[in-house]
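Worksheet for the structure shown next.
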Amino acid sequence: MRGLLSLLFLITLSATAPAQDSYPNRPIKLLIPFPPAGITDLSGRLIADALRARFNQPVIVENKPGANGVIGLREMLRAEPDGYTLMVGNVGSVVLNYAMDSSVGFDPMKDMVPIAGTAEYSTTMVVNNKVPVNSVKEFIAYAKERPGKLTFGSTGVGAMDYLAGELFMQKTSTSMVHVPYRGGPLALNDLIGGHLDTIIEVYPVVMEQIRSGQIKGLAVSSATRLPSLPDLPTFEEAGVPGIVLTGWLGIYGPPKMPEDVRKKLGEAIVEVVNQPDIQKKFRDIGFEPMIGQGVKEFTAHHEAEVKRWVAFLTELGLRK
C-alpha cells in the first residue's frame with residue numbers, strides 16, 4: 001500500500017511539474033510567413049540554427065508565404081500553445097497589416113504572444129540601372145515628368161516597403177504605379193531585369209546588389225547613414241525630410257502559451273543573440289542585433305510599436 005501511494009505521489013508530482021522542466025523534448029517548428037531568401041527567412045534561419053544547438057533539438061523551418069505574412073501568422077495563431085510552433089514576425093506582418101486595416105483578422109495587442117526581439121533594419125531606395133538618375137532629387141524630377149508611368153514594387157499593401165513608397169509619393173508629390181510581390185527577392189529580380197523602376201526595400205535584401213553595381217542606391221530611411229553604406233545619404237540629407245522608417249524582427253508564439261515555456265524561450269533567444277558570432281552573422285547580412293530583448297522588453301516594444309504605427313497611419317489617412 002505504501003508503495004502504491006508513493007507511486008501515485010510521483011505521478012502527481014510529474015504531472016504538475018512546470019512545463020519548462022522538460023521543454024523542449026521534441027522538434028520545434030518555426031514558421032516563416034514569407035518566401036525563402038527574404039529578410040524574415042534569413043534572420044529566422046540564423047535563430048533556428050542557434051536554438052538547435054542551444055536546446056539540442058531539431059528546429060524545423062517552414063516557409064508559409066502569402067498576404068504579406070498573414071497566411072503564416074494565422075497558422076501560428078491556430079497552433080497548439082505548447083511552445084512547439086513558433087513564428088518569426090516582422091513589423092510589417094505583425095504590426096503594419098493591422099495598423100493599415102483593423103479588419104485584417106487578428107489583433108496584435110490580444111492575439112500575439114511576443115517572446116523575444118532578434119534584429120533591426122532600415123529600408124533603402126534603389127532604382128534599376130536603366131533609370132537615368134543618380135540621386136533622389138533627379139528621381140523626383142524624372143517621376144514628375146512621367147506622372148503615373150513609373151512603377152514601384154513591394155511585398156504587399158501594409159508592408160514596410162509599400163508604406164515607404166506611399167510615404168515617398170506623399171512627401172514628394174509624385175505618382176507611381178504599385179506592383180505587389182510575394183517577397184522582396186522577387187521584386188528585386190524584376191528591378192535588376194529592368195521590369196520595375198524602383199523599390200524602397202529593406203536593406204538586407206538589396207545590400208549585395210548595391211555593392212556589386214547591379215542596381216543604384218539613392219537613399220536610406222534610417223535617421224543616420226548606415227556604416228556599411230557611408231556614401232548613401234539619408235532621405236533628409238537627400239532633400240526629403242519625414243521619411244524615417246526602421247523595422248525589426250522577433251519570435252512569437254500562439255495565444256495561451258504557458259508563461260514558463262515563454263520565459264525559457266525568451267531567455268534562450270536573448271542568450272543566442274548576445275553571442276558575438278551570431279551578432280556578426282546578423283551584421284554581415286545587413287541587420288543590427290536587438291540586444292537584451294527578452295519577454296518583458298520585447299512585449300513592451302511590441303505594444304509601443306502597435307500604438308505608434310496605428311497613430312501614424314491614421315494621421316497619414318492610410319488606415320482603414
Side-chain angles (χ1 to χ4, degrees), residues 34-35 37-39 42 68 92 96 121-247 285-286 316 318:
F34 292 94
I39 63 158
L42 292 172
N68 191 32
L96 293 182
Y121 54 88
S122 173
T123 61
T124 307
M125 185 176 189
V126 292
V127 297
N128 76 57
N129 286 338
K130 296 178 183 178
V131 178
V133 304
N134 293 294
S135 69
V136 171
K137 183 178 180 181
E138 291 177 0
F139 184 87
I140 293 170
Y142 185 73
K144 285 185 175 181
E145 292 171 356
R146 298 161 180 79
K149 298 292 181 63
L150 302 187
T151 54
F152 82 95
S154 85
T155 49
V157 174
M160 177 165 277
D161 47 9
Y162 169 80
L163 176 60
E166 289 288 342
L167 190 56
F168 177 82
M169 289 191 291
Q170 186 179 82
K171 294 291 184 181
T172 60
S173 299
T174 55
S175 174
M176 296 184 288
V177 177
H178 173 230
V179 183
Y181 288 82
R182 287 175 65 87
L186 300 176
L188 177 61
N189 287 339
D190 270 4
L191 186 80
I192 293 170
H195 307 299
L196 269 181
D197 294 302
T198 185
I199 53 177
I200 306 180
E201 186 54 87
V202 295
Y203 175 59
V205 172
V206 298
M207 177 178 68
E208 291 302 327
Q209 288 74 17
I210 294 173
R211 289 175 174 173
S212 66
Q214 291 179 277
I215 54 178
K216 293 184 283 189
L218 301 184
V220 296
S221 68
S222 48
T224 58
R225 295 192 183 202
L226 300 178
S228 54
L229 278 179
D231 295 332
L232 210 59
T234 65
F235 274 105
E236 184 163 2
E237 290 174 329
V240 187
I243 301 181
V244 179
L245 298 171
T246 55
I285 56 176
L316 290 177
L318 296 176

inquiry  = Quick check: closest heavy atoms across L196 and L191, and the distance to 0.1 Å?
reply    = O-CD1, 3.5 Å
Sequence neighbours left out, cut at 3.5 Å: what donor-acceptor pairs do the side chains of residues 153-162 make with other protein atoms?
{"from": "S154", "atom 1": "OG", "to": "G156", "atom 2": "N", "distance (Å)": "3.0"}
{"from": "S154", "atom 1": "OG", "to": "H178", "atom 2": "NE2", "distance (Å)": "2.6"}
{"from": "T155", "atom 1": "OG1", "to": "D161", "atom 2": "OD1", "distance (Å)": "3.1"}
{"from": "T155", "atom 1": "OG1", "to": "D161", "atom 2": "OD2", "distance (Å)": "3.3"}
{"from": "D161", "atom 1": "OD1", "to": "T155", "atom 2": "N", "distance (Å)": "3.2"}
{"from": "D161", "atom 1": "OD2", "to": "T155", "atom 2": "N", "distance (Å)": "3.1"}
{"from": "Y162", "atom 1": "OH", "to": "E166", "atom 2": "OE2", "distance (Å)": "3.1"}

ask   = Would a 4.5 Å heavy-atom cut-off, applied to side chains only, mark F34 and R182 as touching?
value = no
remark   = Closest non-hydrogen atoms of P204 and S122, given as atom of the first, atom of the second and distance, are CD-O, 4.4 Å
ask   = What are the two closest non-hydrogen atoms of V220 and T224, and how far apart are they?
value = CG2-O, 4.3 Å
query = How many angstroms lie between atom OG1 of T151 and atom CG of D197, to the nearest 0.5 angstrom?
reply = 4.0 Å
key: Non-hydrogen side-chain atoms of L163 and L96 separated by less than 4.5 Å   = yes
query = Is there a donor-acceptor contact under 3.5 Å from the side chain of S221 to the main chain of L245?
reply = yes
key: Qualifying residues under side chain to side chain contact (heavy atoms under 4.5 Å, CB included), relative to E236, sequence neighbours excluded   = T234, P241
Heavy-atom side-chain proximity of F235 to F168 below 4.5 angstrom = yes
Could you pull out every donor-acceptor pair under 3.5 Å between side chains of residues 133-147 and any protein atom, sequence neighbours left out?
{"from": "S135", "atom 1": "OG", "to": "E138", "atom 2": "N", "distance (Å)": "3.1"}
{"from": "E138", "atom 1": "OE1", "to": "N134", "atom 2": "N", "distance (Å)": "2.7"}
{"from": "K144", "atom 1": "NZ", "to": "T172", "atom 2": "O", "distance (Å)": "3.4"}
{"from": "R146", "atom 1": "NH1", "to": "Y142", "atom 2": "O", "distance (Å)": "3.1"}

query = From E237 CD over to L232 CG, what is the distance, rounded to the nearest 0.5 angstrom?
reply = 9.5 Å
Gap separating the CD1 atom of I39 from the CE atom of M207, nearest 0.5 angstrom = 12.0 Å
inquiry  = Give me the atom names and distance for the closest heavy-atom approach of I199 to L188.
reply    = CD1-CA, 4.2 Å
key: side chain to side chain donor-acceptor pair (under 3.5 Å) contacts touching residues 198-207 (sequence neighbours left out)   = Y203-S228
task = Over all heavy atoms of both residues, which pair between K216 and N128 is shortest? Give the atoms and the distance, please.
result = CE-O, 3.8 Å
ask   = Which residues satisfy the side chain to side chain contact (heavy atoms under 4.5 Å, CB included) test with I210, sequence neighbours excluded?
value = T124, V126, V206, I215, L229
note = Applied to residues 186-196, the side chain to side chain donor-acceptor pair (under 3.5 Å) test, sequence neighbours excluded, yields Y181-D190
